[in-house]
Every structure is written in structure tokens, then in C-alpha cells.
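Input: a single structure, listed below in C-alpha cells.
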Amino acid sequence: MDITVLREEITSVDDQIIRLIGTRQQIAGRIARVKYSKEAPIRDEGRRQEVLEHAFNRAVEEKIDPRSVRQIFEILIEMSEERQHECIGEGDLP
Ligand SMILES: C=C(O[C@@H]1C=C(C(=O)O)C=C[C@H]1O)C(=O)O
């Protein structure tokens with residue numbers, strides 16, 4: 001198999017991952033508005049742990065390194081909390 005074709009496959013998967021991250025961020029923005037209307041804090045430690053545990057367990061099932069997957073999800077959660085702060089006008093991104 002030609003490496004160029006395989007790299008095109010990887011690029012296609014990367015594009016899907018980025019699109020899904022965008023979708024996750026949009027949903028986070030909608031959650032921010034619900035929290036704002038209820039005066040609830042953006043960070044929910046219990047839910048964070050639930051998301052991280054779910055990602056870890058799914059990675060185990062998929063036979064991919066669960067610790068690395070967990071790290072990726074820690075970054076995704078940070079990004080979504082940042083987005084939520086932006087949505088309710090508390091962000092500090094430039
Ligand atoms: C999206 C939420 O807000 C925050 C972000 C989370 C996430 O990105 O998965 C999880 C918990 C919260 O700290 C939520 O509360 O569900």
C-alpha cells in the first residue's frame with residue numbers, strides 16, 4: 001500500500017476529529033447558556049470525572065492507550081470550559 005494513500009486516510013480521520021471537536025464545543029456553548037440561566041457554575045467536578053472515566057473505559061474497550069485518551073479528554077474539557085466562559089461573557093481569550 002502506498003504511504004500517500006494511507007496519509008490521506010489519516011488526514012480524513014483528522015478532519016473528522018476536528019469537526020467533532022467543533023460540535024462538542026457548540027454543545028458546550030449551549031450548556032453554558034443553561035447554566036447561566038440557573039446561575040450554576042461552569043465547572044462541574046463530578047461530571048468531569050464521569051466524562052474522564054467514560055473516555056478511559058471506552059479506550060480500554062477499543063484497545064487504545066487509556067491514559068493518553070484521558071489526557072486528550074482533559075484538554076477537551078479545558079477547551080469546553082473556556083468556550084463556556086466566553087459564551088457568558090467571562091472569557092479572557094484575546
Ligand atoms: C459541559 C459541561 O461543563 C464542563 C465541561 C465538561 C465537558 O467538557 O465534558 C464537563 C463538566 C463541566 O466542568 C457540563 O457541565 O456538562
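Each residue takes its place number in the sequence, starting with 1. Whatever order the structure lists them in is the order used to number ligands and atoms, beginning at 1.
In this model, a donor atom of one side chain and an acceptor atom of the other lie less than 3.5 Å apart for Gln49 and Glu45.
Dense packing is recorded around CD of Glu74, with more than 12 heavy atoms of other residues, nucleotides or ligands lying under 6.0 Å away.
Put simply, the side chain of Ile42 reaches to within 4.5 Å of the side chain of Ile88, judged on heavy atoms. Within the 4.5 Å cutoff, the side chain of Ile10 has heavy atoms near those of the Asp14 side chain.
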**Study point:** Worked check of salt bridge (charged side-chain N to carboxylate O under 4.0 Å, His left out) between Glu53 and Arg48
**Key:** CA-CA 9 Å; Glu53 202 177 310; Arg48 278 171 72 106; over 6 Å; no
If you look at each N/O of ligand 1, which protein N/O atoms lie under 3.5 Å away, and at what distance?
unit_1   : atom_1 : unit_2 : atom_2 : d
ligand 1 : 3 (O)  : Lys35  : NZ     : 2.8
ligand 1 : 3 (O)  : Gln84  : NE2    : 2.9
ligand 1 : 8 (O)  : Arg24  : NH1    : 2.8
ligand 1 : 8 (O)  : Ser80  : OG     : 2.5
ligand 1 : 9 (O)  : Arg24  : NH2    : 2.9
ligand 1 : 13 (O) : Asp44  : N      : 2.9
ligand 1 : 13 (O) : Glu81  : OE2    : 2.6
ligand 1 : 15 (O) : Lys35  : NZ     : 2.7

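For the atom pair CD of Glu8 and CG of Asp2, the computed distance is 8.0 Å after rounding to the nearest 0.5 Å.
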